[in-house]
Amino acid sequence: KSGRSTIRKRVLNTFDEKTYHQRSKIETIFGMIKRKYNPKIRGKSRETQIQEAYHKLLAHNHDRLCKIISRLFKGFHQSYHLERLIYFSI
């Protein structure tokens, strides 16, 4: 039992929280991609499997970027109309 407690102490002392949370972020992204684009890779060869996974990552990044841009424009549109409303009501 004493051997396990020293190993546990060593692990706790060297445990890197930042690296662990990076891993959880990656796992979340992989989960999002699997839910959205099907978890199965259908390529027959290793090369086509890698290409398919790469394309799923690209599609995910493209989708996220489009959503961000859409939200930015929506925010600019709303603030523009708000400024016009305030300007003309004065």
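- Here the CZ atom belonging to R64 is positioned 8.0 Å from the CD1 atom belonging to I29, to the nearest 0.5 angstrom.
- Between L65 and N61 the shortest side-chain heavy-atom distance does not fall below 4.5 Å.
- Although no hydrogens or angles enter the test, the distance criterion places no donor-acceptor pair under 3.5 Å between the side chain of H60 and the main chain of K56.
- E17 and H21 form a side-chain donor-acceptor contact under 3.5 Å, judged by distance and modelled atom types alone.
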With a cut-off of 3.5 Å and sequence neighbours excluded, list every side-chain donor-acceptor pair involving residues 37-45.
residue, atom, partner, partner atom, Å
Y37, OH, A59, O, 3.4
N38, OD1, K40, N, 3.3
S45, OG, T48, N, 3.3
S45, OG, T48, OG1, 3.2

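- Annotation: side chain to side chain contact (heavy atoms under 4.5 Å, CB included) contacts of K67 (sequence neighbours excluded): K36, D63.
- In this structure, E27 places its CD atom where more than 12 heavy-atom neighbours from other residues, nucleotides or ligands lie under 6.0 Å away.
- Once rounded to the nearest 0.5 Å, the distance linking CD of Q22 with CD1 of I26 reads 7.0 Å.
- Remark: the backbone N or O of C66 is not paired with any side-chain donor or acceptor of S70 at under 3.5 angstrom.
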